[in-house]
Amino acid sequence: GPRQSTITKFFDKA
Amino acid sequence: MLELRLVQGSLLKKVLESIKDLVNDANFDCSSTGFSLQAMDSSHVALVSLLLRSEGFEHYRCDRNLSMGMNLGNMSKMLKCAGNDDIITIKADDGGDTVTFMFESPTQDKIADFEMKLMDIDSEHLGIPDAEYHSIVRMPSSEFQRICKDLSTIGDTVVISVTKEGVKFSTAGDIGTANIVLRQNTTVDKPEDAIVIEMNEPVSLSFALRYMNSFTKATPLSDTVTISLSSELPVVVEYKVAEMGYIRYYLAPKIEE
């Protein structure tokens, strides 16, 4: 099945 | 010195109920712009971004930018002691280790002070880039809550697909499958009852229903919810907080391996 990704994969540290 | 007076104190009570199950501890940031928070859940799958603009407060004094670490469960316990009609004032001293919540009854015959200990929270702030979303759906928040609740009795994952036909919410589980399709409907008596589907490109993404259900705790804040989808990005589920700001939830998609 599909794997859960994380927010930090998409958004970088400010 | 910080002093923020919110006449509609129930908004702050509702805001806390909307985020306390998702995030345990968070820094509230106070600046001339407003009172804000950005935090991720412990598994970094969801992020919540709250803004209450300074103009929305009856009185807003924030001499220096201040970041206050709070346990949201404890903050919620304190705010539950405020009446729904109470005026809430948040007070803190620069460099202090406590925050005070003052509750005034509308008739000014009861005034309560609750002082809460602050905590040091090491949190990373993420930059959220402005994005053009492939599809944006606006619908009644109660309808979205109902859909998430219903689908989570069947499956764990919702597939949200936007096409010319409308927006489809699908799930599958051991007992079977479910599909709910909403079509654009703007011929309603009240604008908040409308379903508005803005599709620049069709999009289809999978999300954990557990998180979506958690986001719907914000339903009492707003009659409508906006869901913004792009195939390359986390979904944004946004609830307006009266005229003064918003709660935005970002949820990372499930991706086929």
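Computation of the quantities below employed the complete heavy-atom set of this structure, encompassing side-chain atoms and omitting hydrogens, waters and symmetry-equivalent molecules. Below, chains carry the letters A, B, ... as their sequence lines are ordered, and counting in each starts from 1.
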> Say you draw a straight line from CE of Met40(B) to OG1 of Thr6(A); how long is it, rounded to the nearest 0.5 Å?
8.5 Å
> For residues 61-75 of chain B, dump all side-chain donor-acceptor pairs below 3.5 Å to protein atoms at least two apart in sequence or in another chain.
residue  : atom : partner  : partner atom : Å
Arg61(B) : NE   : Asp63(B) : OD1          : 3.1
Arg61(B) : NE   : Asp63(B) : OD2          : 3.3
Arg61(B) : NH2  : Asp63(B) : OD2          : 2.8
Arg64(B) : NE   : Asp94(B) : OD2          : 3.4
Ser67(B) : OG   : Asp29(B) : OD1          : 2.8
Asn71(B) : OD1  : Gly73(B) : N            : 3.0
Asn71(B) : OD1  : Asn74(B) : N            : 2.7
Asn71(B) : ND2  : Asp25(B) : OD1          : 3.0

> Flag the pair Phe11(A) / Tyr250(B) as yes when their ring centroid distance falls below 6.0 Å, and as no otherwise.
yes
> Gln4(A) side chain to Ala252(B) main-chain N or O, any donor-acceptor pair under 3.5 Å?
yes
> If you round to the nearest 0.5 Å, how far is CG of Asp12(A) from CD of Glu124(B)?
10.5 Å
> Thr157(B) versus chain A, heavy atoms under 4.5 Å apart: side chain, backbone, both or neither?
neither
> Do Ser5(A) side-chain atoms and Pro253(B) backbone N/O form a donor-acceptor pair below 3.5 Å?
yes
> Quick check on Glu256(B) against chain A: is it the side chain, the backbone, both or neither that has a heavy atom closer than 4.5 Å?
both
> For Ile7(A), which of Leu126(B), Ile128(B), Leu251(B) qualifies under side chain to side chain contact (heavy atoms under 4.5 Å, CB included)?
Leu126(B)
> Side chains of Lys9(A) and Ile255(B): closer than 4.5 Å at any heavy-atom pair?
yes
